[in-house]
Amino acid sequence: MKSNDEKIGAEFLTEIDFLEQLDRAFARFSQPMPTQHEALICILVDHWQDLRAEYGYAGLFALRRQILSLLARHCGEGATVLNLSESGLAALVHGEASDGLESQARSLFQALGRKTFGLGSDQVAITVSFGYCPFDLRFTSASRMLTETVARTEELRSDGGNEWAPVSASISAAQASSDKRRMLGLLMQSLRNNRVQVIFQALLATQGHDAHCFQMLPRLRAADGELITAADFLPVARSANLLATLDRWMITRAIQLLSDHHRHDPIRLFVSQADEMLVDERRRNKFIRQVDEASVLDDRLVLDFHLTDAMAHLRGAEKFFALMRDKGIGICLSLVDDHSNWELLENRLRCDYLRMAQDFVRRIAHSHDIAHDLDDLTRGVRQNGTRIIMPMIEDAGAAAHLWSSAVDYLQGNVIQPAQERIHLGD
């Protein structure tokens, strides 16, 4: 038989049942495409000892039932509730949109402050401390999320109460780098909330240019404000099958920049991609629709693939490269060196740019006859119109040595450090 609390709409659960439901909800949220949004709320009655002294525990329990009824009215009868104490509760609430959930929580907080509650033959007004925590994969577990939500709400009450506050996980760059699960949570949350950071590194043309070229590089911003480099989180993304999702996000961001903020600027953006475009025809078709709808990408967007990926999917690469030539989208192949299959690059994998491997750049920069060595290696592809990029140059002497060689672009921190915004020079 259901208790009076359960008849109100929202449902008090035993501690074990609540934690099991919370774990299942967190597991659902951890899937790539969750079907609903969920959040934890914590409500603690301020100055509850005064109410206990006046109305006893019977009064506190009657107040709790009325709070539960108000919670069901504002957050839906599907909420499940954990009785934390005589003065507080936690609830798992559900909704179709995260913004809607937050709005409902704020509305509940305001209603609790406005409402008068009947206790015995009298009425009382209360204030509450209210913590709201949308599900966040930066938490290591559902239990951790509950603990931090309640702890944060307790802090609000200790500081005087009558306050609503969002609760979020705080992961520093050091914590994320040392814990793969936390790194994954930070990545998934950044993708879901459209908060992946992008920085731009310029490619310096050695012999004039027709556009300002920039490579787009993804970063994750930690709670301490530090940017986590792709080298730190891409292995986690790859193992969790999120690399394609990140690639799609980067493509969409590049198209937005070229279509909106820099629609009339002479810029060209290089965007690194894994092999999804080369193997998935549906993904290729979707990208082509994006290109057709944008209509301002001709010779302004370059997709950058690892040479090994193109070689592993040769037929798909040839087909995709041909499609991109027709659409005016450039192709760059990266991690190329003197041991690469240059006959393949000259014939079946013709592309617009070759980005050389870092070790090769380091070696060739100290060559005694750099012009001869590079010319012998690149003559065939350059006859096809392919341009050569020397990346990751960190030494001014190497930059000066490479400047006069048969390369088209230099890139690296000594050339220009990556920046969070595109700056166009004269």
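The structure displayed is predicted, hence computed values, not measured ones. Counting begins at 1 with the first residue of the sequence.
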Could you check R195 against Q189 for side-chain hydrogen bond (donor to acceptor under 3.5 Å, both in side chains), going step by step and ending with a plain yes or no? CA-CA 8 Å; R195 290 179 180 172; Q189 200 70 22; over 6 Å; no
Note, D352 side chain near T386 side chain (heavy atom, < 4.5 Å): no
Any sub-3.5 Å donor-acceptor pair from N384's side-chain atoms to E346's backbone N or O? yes
Checking the side chain of T206 only, and the main-chain atoms of V407 only, is there a donor and an acceptor separated by less than 3.5 Å? yes
L333 and A310 have their tightest heavy-atom pair at CD2-CB, 3.9 Å
Heavy-atom check, side chain of W249 versus side chain of N194, under 4.5 Å: yes
Output the distance between atom CG (L234) and atom CG (L220), rounded to the nearest 0.5 Å. 9.0 Å
Look only at the side chain of S259 and the backbone of Q256, and say whether a donor-acceptor pair between them is shorter than 3.5 Å. no
Where do L257 and M216 land on the side-chain contact (heavy atoms from CB on, under 4.5 Å) test, with the steps shown first? CA-CA 11 Å; L257 286 168; M216 292 178 61; 4.2 Å; yes
Does the plane of the ring in F321 sit parallel, tilted or perpendicular to the ring in F305? Use 30° and 60° as the thresholds. tilted
Does the pair D304 and V271 meet the rule for a side-chain contact (heavy atoms from CB on, under 4.5 Å), with working shown? CA-CA 6 Å; D304 192 333; V271 186; over 6 Å; no
May I ask you to decide if M277's main-chain N or O and R284's side chain share a donor-acceptor pair within less than 3.5 Å? yes
Where do A222 and L186 come nearest, in terms of heavy atoms and distance? CA-CD2, 4.5 Å
Is it true that D46 and S129 share a donor-acceptor pair across their side chains at a distance under 3.5 Å? yes
Check the pair E154, R157 against salt bridge (charged side-chain N to carboxylate O under 4.0 Å, His left out), reporting the backbone distance first and the verdict last. CA-CA 5 Å; E154 289 173 339; R157 185 160 67 176; 5.7 Å; no
Would you call E293-R289 a salt bridge at under 4.0 Å N-O? no
Within the side chain of R300, is there an N or O that forms a donor-acceptor pair under 3.5 Å with the backbone of V296? yes
Under 3.5 Å, side-chain donor or acceptor atoms of residues 106-113 against the rest of the protein: list the pairs with distances, not counting sequence neighbours.
from, atom 1, to, atom 2, distance (Å)
S107, OG, H74, ND1, 2.9

Ignoring hydrogens and geometry beyond distance, is a side-chain donor-acceptor pair present between R64 and N83 at under 3.5 Å? yes
Look only at the side chain of D359 and the backbone of R362, and say whether a donor-acceptor pair between them is shorter than 3.5 Å. no
Heavy-atom closest contact (F270 atom, C213 atom, distance): CE1-CB, 3.9 Å
Residues forming a salt bridge (Lys or Arg N to Asp or Glu O under 4.0 Å) with E38, sequence neighbours excluded: R28
Can you find a pair of side-chain heavy atoms, one from L204 and one from Q416, that are under 4.5 Å apart? no
Please identify each residue that fulfils ring pair (Phe, Tyr, Trp, His ring centres under 6.0 Å) with F287, with sequence neighbours left out. none
Taking the side chain as every heavy atom from C-beta outward, state whether V302 and L269 have any atom pair closer than 4.5 Å. no
Are any side-chain N or O atoms of S87 and backbone N or O atoms of W48, one a donor and one an acceptor, separated by less than 3.5 Å? no
What are the two closest heavy atoms between G160 and H47, and how far apart are they? O-NE2, 4.3 Å
Do D136 and F29 have side chains that approach each other closer than 4.5 Å (heavy atoms only, starting at C-beta)? no
Within this structure, what is the SG-CG distance for the pair C332 and L203, rounded to the nearest 0.5 Å? 8.5 Å
Is R268 salt-bridged to D299, cutoff N-O under 4.0 Å? yes
Who are the salt bridge (Lys or Arg N to Asp or Glu O under 4.0 Å) partners of D23, not counting sequence neighbours? none
Distance in Å, I329 CD1 paired with M324 CE, rounded so as to fall on 0.5 Å steps: 6.5 Å
Name all residues meeting the salt bridge (Lys or Arg N to Asp or Glu O under 4.0 Å) criterion together with K327; count only those two or more places apart in sequence or in a different chain, and write none if there are none. D292
Give the minimum heavy-atom separation between M183 and D232, together with the two atoms involved. CE-O, 3.8 Å
Donor on one side chain, acceptor on other, D309 and Q273, under 3.5 Å: no
How are the rings of Y353 and Y409 set relative to one another: parallel (under 30°), tilted (30 to 60°) or perpendicular (over 60°)? tilted
Would you mind reporting whether L217 and T229 have side-chain heavy atoms less than 4.5 Å apart? no
Could you walk me through whether R325 and I331 pass the side-chain contact (heavy atoms from CB on, under 4.5 Å) check? CA-CA 8 Å; R325 278 193 290 272; I331 296 293; over 6 Å; no
Lys/Arg N to Asp/Glu carboxylate O, D376 vs R379, below 4.0 Å: yes
Where the side chain of T149 meets the backbone of M145, is there a donor-acceptor pair that is under 3.5 Å apart? yes
Hydrogens and angles aside, do Q411 and Q215 bring a side-chain donor and acceptor to less than 3.5 Å of each other? yes
Hey, are the side chains of L70 and K115 touching, using non-hydrogen atoms and a 4.5 Å cut-off? yes
R221 (side chain) donor-acceptor with Q197 (main chain) under 3.5 angstrom: no
Do N341 side-chain atoms and L344 backbone N/O form a donor-acceptor pair below 3.5 Å? yes
Less than 4.5 Å apart, side chain to side chain, heavy atoms only: is that true for L335 and L307? no
Just how far is it from atom CZ of F233 to atom CD1 of I228, taken to the nearest 0.5 Å? 8.0 Å
Starting at CG of L377, measure out to CD1 of I388 and round the result to the nearest 0.5 Å. 8.0 Å
Which heavy atom of A39 sits nearest to which heavy atom of Y132, and what is that distance? CB-CE1, 3.6 Å
Measure the spacing between CZ of F200 and CZ of F214 and express it to the nearest 0.5 Å. 8.5 Å
Salt bridge between E318 and R350, side-chain N to carboxylate O under 4.0 Å? no
Applying salt bridge (Lys or Arg N to Asp or Glu O under 4.0 Å) to R382 and not counting sequence neighbours gives D408
Salt-bridge test for R248 and E276: reply yes if a basic N is under 4.0 Å from a carboxylate O, no otherwise. yes
Candidate pair L22 and L40, rule side-chain contact (heavy atoms from CB on, under 4.5 Å), full reasoning: CA-CA 9 Å; L22 182 60; L40 274 175; 4.0 Å; yes
